[in-house]
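Lettering follows sequence order; numbering is per chain, from 1.
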Amino acid sequence: MNVAVRASKRKKAETRPDPADLLAWYDRHRRVLPWRALKGQRADPYAVWLSEIMLQQTTVKTVGPYYVKFLTKWPTVEALAAAPLDDVLRAWAGLGYYARARNLHACARAVVERHGGIFPADLDALRALPGIGDYTSAAVGSIAFDLPAVPVDGNVERVVSRLFAVEQPLPAAKPAMKQLATALLPPERSGDFAQAFMDLGATICSPKSPACGLCPWTEVCVTRARGDQEAFPRKAPKREGKQRYGAAFVVLRDDGRVLLRQRPEKGLLAQMTEVPGSDWTHDFDADTALDAAPSFKVKVKWQKLTGQVDHVFTHFPLALTVYLGHVPRGTVAPKGGRWARIDGLADEALPNVMRKVLSHALDR
DNA sequence: TATACGTGGAT
DNA sequence: TATCCAAGTAT
């Protein structure tokens with residue numbers, strides 16, 4: 001074979017990312033995940049959808065046990081749709097972003113009612129379901145049905161922004177990044193391509209110290225060539241939330257129960273369970289804290305516990321002062337409240353901030 | 001377009 | 001310790 005023929009068989013020097021290189025990398029290095037079909041096997045749309053909802057803004061490690069719990073408890077979308085919302089919220093407790101749980105339940109019911117219990121193999125129909133947005137419709141569509149779509153998550157944004165040195169900051173750059181990512185979509189293996197893209201971002205093209213030497217696209221990466229890959233993606237500065245304060249009241253009844261209530265239907269931690277407390281404000285006055293205490297027929301002697309419970313929400317940090325009180329057996333709960341067994345708290349729909357409060361009061 | 005919406009782990 | 005950020009969506 002002469003030199004000219006050898007040259008023509010050699011891979012041409014690429015100037016732009018070749019999806020085939022990413023797929024070849026994926027075939028060797030794909031992660032094994034509970035919701036991911038084995039190589040060559042077909043993914044269950046219900047399992048893909050469930051995992052994608054849980055994975056929104058949530059790490060793979062955190063999702064693992066919740067995913068297994070949900071799939072065991074509700075193996076099909078029909079089973080999930082038939083469950084009471086409260087059961088779903090209790091199972092979701094601790095995972096955060098509780099609107100996801102409410103939408104998960106609503107979506108399951110919509111799939112049963114609108115689509116006969118079968119997830120639609122259609123991007124627009126998926127996108128129309130509760131809790132399914134641009135990302136998730138593309139993820140379920142590509143992974144479960146091999147529809148030609150690219151789910152653009154934080155991983156993909158990072159990879160694309162580095163490959164092409166996208167100067168526009170996020171989140172304004174989202175449409176441009178989606179365009180760039182979608183332009184790379186190969187004619188086949190959409191689902192593998194989507195998962196490969198995300199795997200690459202999660203394991204190689206990491207936020208800090210990316211392993212560029214192991215990247216299948218290292219030779220076509222604009223920022224890699226310049227050495228400023230860690231400066232991407234560009235991001236608009238975000239303002240930090242202001243500290244808020246509040247009081248929480250842990251009321252123990254002598255028969256081993258604690259007073260709980262449900263949070264309002266909308267807003268922060270909507271429809272989740274909590275102990276009674278004050279509003280959470282910037283200018284909370286410790287002297288008036290007891291104004292927010294629940295009232296009973298008997299007078300309660302409140303014990304202000306030492307220390308406080310600190311918790312950080314996405315948009316503000318919270319410091320709660322905890323008060324402990326005791327009431328006699330037979331005391332009636334105030335309106336909206338109920339007495340819950342202390343040894344059954346694990347099964348309540350308590351967000352973690354409330355678990356911290358209860359732990360602060362009871363683990364002593 | 002900007003903001004509300006949880007939590008935990010990595011650096 | 002402080003900051004970032006993780007398979008985003010709804011409004």
**OP:** Could you state the atom-to-atom distance from CZ of F316(A) to P of dT3(B) in whole Å?
**Re:** 16 Å
Original post:
Looking across every strand, which nucleic acid part, if any, lies under 4.0 Å from R102(A) by heavy atom: base, sugar-phosphate, or nothing?
Top reply: nothing
**OP:** Please work out if T136(A) contacts a base, only the sugar-phosphate, or nothing of the nucleic acid, heavy-atom cut-off 4.0 Å.
**Re:** sugar-phosphate
**OP:** Check every atom of dA10(C), dA7(C), dG6(B) against the side chain of R127(A) and return the nucleotide holding the closest atom.
**Re:** dA10(C)
Original post:
Contact class for V353(A) (heavy atom, under 4.0 Å): base, sugar-phosphate, or nothing?
Top reply: sugar-phosphate
Original post:
Within less than 4.0 Å of OP1 or OP2 of dG8(C), is there a side-chain N or O belonging to Q57(A)?
Top reply: yes
Original post:
Counting any heavy atom closer than 4.0 Å, what does G201(A) reach on the DNA or RNA strands: base, sugar-phosphate only, or nothing?
Top reply: nothing
Original post:
How far does the P atom of dT9(C) sit from the matching atom of dG8(B), given to the nearest Å?
Top reply: 22 Å
Original post:
Between dA10(C) atom C1' and Y135(A) atom OH, what is the distance in whole Å?
Top reply: 18 Å
**OP:** Starting from the 5' end of DNA chain C, give me the residue, T59(A) or I132(A), whose nearest nucleotide shows up first.
**Re:** T59(A)
Subject >> K174(A) NZ - dG8(C) P separation (whole Å) >> reply: 8 Å
Original post:
According to the interplanar angle, ranging from 0 to 90°, do the rings of F313(A) and F316(A) count as parallel (below 30°), tilted (30 to 60°) or perpendicular (above 60°)?
Top reply: tilted
**OP:** Map E52(A) and E240(A) onto DNA chain C by nearest heavy atom, then report which one ends up closer to the 5' terminus.
**Re:** E240(A)
**OP:** Starting at atom CG of N352(A), determine the distance to atom C1' of dG8(B), rounded to an integer number of angstrom.
**Re:** 9 Å
**OP:** From the options Y67(A), W35(A), Y135(A), select the one residue that forms a side chain to side chain contact (heavy atoms under 4.5 Å, CB included) with L55(A).
**Re:** W35(A)
Original post:
Taking N and O atoms by type only, does the side chain of R31(A) place a donor or acceptor under 3.5 Å from a partner on the base of dA7(C)?
Top reply: yes
Original post:
With a 4.0 Å cut-off on heavy atoms, is R355(A) in touch with a base, just the backbone sugar-phosphate, or nothing at all?
Top reply: nothing
Original post:
Base, sugar-phosphate, or nothing for P207(A), non-hydrogen atoms under 4.0 angstrom?
Top reply: sugar-phosphate
Original post:
How do K356(A) and A172(A) order along DNA chain B: which one's closest nucleotide is nearer the 5' end?
Top reply: A172(A)
Original post:
Just how far, in rounded Å, is P of dA2(C) from NZ of K238(A)?
Top reply: 17 Å
Subject >> Straight-line distance of T273(A) OG1 to L89(A) CG, nearest 0.5 Å >> reply: 8.0 Å
Original post:
Of all the nucleotides listed (dT9(C), dT7(B), dA7(C)), which has the minimum atom distance to the side chain of D153(A)?
Top reply: dA7(C)
Original post:
What distance, rounded to whole Å, do you find between the two C1' atoms, one in dC5(C) and one in dC5(B)?
Top reply: 15 Å
Subject >> More than 12 heavy atoms from other groups under 6.0 Å of NZ on K73(A) >> reply: no
Original post:
OP1 or OP2 of dT7(B) sitting under 4.0 Å from any side-chain N/O of Y98(A)?
Top reply: yes
Original post:
Just checking L33(A): base, sugar-phosphate only, or nothing, at a heavy-atom cut-off of under 4.0 Å?
Top reply: base
Original post:
For atom C1', what is the distance between dA10(C) and dT1(B), given to the nearest Å?
Top reply: 14 Å
**OP:** Using a 4.0 Å heavy-atom cut-off across all strands, classify W49(A) as base, sugar-phosphate, or nothing.
**Re:** nothing
**OP:** Would you classify K235(A) as touching base, sugar-phosphate or nothing, given that sugar-phosphate means primed atoms plus P, OP1 and OP2, and contacts are heavy atoms under 4.0 Å?
**Re:** sugar-phosphate
Original post:
Do the ring planes of F197(A) and W217(A) sit parallel (below 30°), tilted (30 to 60°) or perpendicular (above 60°)?
Top reply: perpendicular
Original post:
What's the OH-C1' distance between Y97(A) and dG6(B), to the nearest Å?
Top reply: 6 Å
Original post:
At under 4.0 Å, does any side-chain N or O of R158(A) touch on OP1 or OP2 of dA6(C)?
Top reply: yes
Subject >> Separation of F193(A) CZ from L185(A) CG (nearest 0.5 Å) >> reply: 6.0 Å
Original post:
Base, sugar-phosphate, or nothing for P171(A), non-hydrogen atoms under 4.0 angstrom?
Top reply: nothing
Original post:
Quick one: W92(A) CH2 to dT9(C) P, roughly how many Å, whole number?
Top reply: 12 Å
Original post:
Between the base of dG8(B) and the side chain of T58(A), is there a donor-acceptor distance below 3.5 Å?
Top reply: no
Original post:
Would you say dC5(B) has OP1 or OP2 under 4.0 Å from some side-chain N or O of H315(A)?
Top reply: yes
**OP:** Nearest whole angstrom, please: distance from the C1' of dG6(B) to the CG of L350(A).
**Re:** 14 Å
Original post:
Does the side chain of H311(A) get closer than 4.0 angstrom to OP1 or OP2 of dT7(B) through an N or O atom?
Top reply: yes
**OP:** Look at all strands and tell whether L269(A) reaches a base, only sugar-phosphate, or nothing, counting heavy atoms closer than 4.0 Å.
**Re:** sugar-phosphate
**OP:** Could you tell me the separation between the CG atom of L163(A) and the SG atom of C205(A), rounded to the nearest 0.5 Å?
**Re:** 7.0 Å
**OP:** Flag yes if V152(A) and L170(A) sit in one hydrophobic cluster, no otherwise; membership is Ile, Leu, Val, Met, Phe, Trp, Tyr, and two members link when side-chain heavy atoms are under 4.5 Å apart.
**Re:** yes
